[in-house]
There are 2 protein chains.
Amino acid sequence: MTSDAPLSLDEPNLSGADRAPVREILSLDKAQRMAEFFGVLGDPNRWRILSALALGERRVGELAAVVGMSESAVSHQLRILRTMRLVSYRKRGRNVFYCLKDRHILNLYQEASEHLDEPLEEEEGE
Amino acid sequence: MTSDAPLSLDEPNLSGADRAPVREILSLDKAQRMAEFFGVLGDPNRWRILSALALGERRVGELAAVVGMSESAVSHQLRILRTMRLVSYRKRGRNVFYCLKDRHILNLYQEASEHLDEPLEEEEGE
DNA sequence: ATAACCTTTGAACAACTGTTCATGGGTTAT
DNA sequence: ATAACCCATGAACAGTTGTTCAAAGGTTAT
């Protein structure tokens, strides 16, 4: 990374014309989609569900028992996680098995974890 | 990564004893902190502000003009971004210059962007 | 067939969030 | 000193979110 370039939201790996470096602020549309995605990760029970699925495939009832929620509440949350393609599922008889869709959620967890675990430096202000 | 190990929320880079592999679901406390952090990223105007700061240091008034918000609203949001240590600031006379604190936010943006841009595969259900 | 099981869905309601508005603190001018 | 400027803060209000509750769909038993 060059030294004087400001931090930017570029996506440098892609050379296509539709992936031009961002020299403007995010469009309302892109910002909205970002917010919707991260908003889904803004609930503690959804993280508990995701972390349970990180251990392996689980049925809805099992998830409810592990995280201590009603099956209805878990089902509602799983629907939200599905719309953001964070989980996938397969039906087997009357059971539905959910699992994490890919590694993105794990990378996000790790990145956030590192940020939260950083030692707090001395603040000038406040 | 071994083939049969389930995806897990381990943090493999650290070998310390206080960073044991996660074989249980996230604690309520950890899940809460994760949710609080990602919840901050769950607002489109905060992403617009962050993307403006990704281009370089900006004053509060400049941010308000660029993102099309009132200065008060921007100030409220900057406070939230400060509490999550996503931005830092320096005072210069009566102006306050904000900037991104580190690269974590950029990594999170990129990871999410890749996830959102993934082609949708054929769903079995629904 | 009926019953039990697992899951999903919709409505309703309490709790939370982000904005506006008014106000005030602190700094730089005149 | 007063005025203008830049920013932060608190209250209040509309909009959103996550839960509970009741009901129903679909599958596997008996």
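Reminder, nothing fancy here: chain letters follow the sequence lines and each chain counts from 1.
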### Task
Please check the phosphate of C:dT8 (OP1 and OP2 only) for any side-chain N or O of A:Y98 closer than 4.0 Å.
yes
### Query
Among B:R58, B:R82, B:K101, whose side-chain contact (heavy atoms from CB on, under 4.5 Å) with B:V87 holds?
B:R82
### Query
Can you pull the contact range of chain A along DNA chain D, 5' to 3', using atoms under 4.0 angstrom from its heavy atoms?
D:dG18 to D:dT28
## Note on the structure
Rounded to whole Å, the CG-C1' distance (A:L78 to C:dT9) equals 14 Å
### Summary
Atom CD of A:Q77 and atom C1' of C:dT8 are separated, to the nearest Å, by 14 Å
### Query
Whole-Å distance between C:dT17 P and B:R79 CZ?
12 Å
### Query
Does any residue of residues 32-46 of chain B have a heavy atom under 4.0 Å from DNA chain D, and if so, which ones, in number order?
none
### Proximity to DNA chain C (any heavy atom under 4.0 Å), residues of residues 57-65 of chain B only
none
### Summary
Whichever of B:V96 and A:G93 has the more 5' nearest nucleotide on DNA chain D, that residue is B:V96
### Task
Classify the ring geometry between B:Y109 and B:W47 as parallel (under 30°), tilted (30 to 60°) or perpendicular (over 60°).
tilted
## Note on the structure
Comparing A:S72 with A:R94, nearest DNA chain D nucleotide closer to 5' gives the residue A:S72
### Nucleotide nearest A:S75 when distance is taken to its side chain, options C:dG18, C:dT8, C:dT7
C:dT8
### Task
Please work out if A:F97 contacts a base, only the sugar-phosphate, or nothing of the nucleic acid, heavy-atom cut-off 4.0 Å.
nothing
### d(NZ, B:K91; P, C:dG26) in whole Å
9 Å
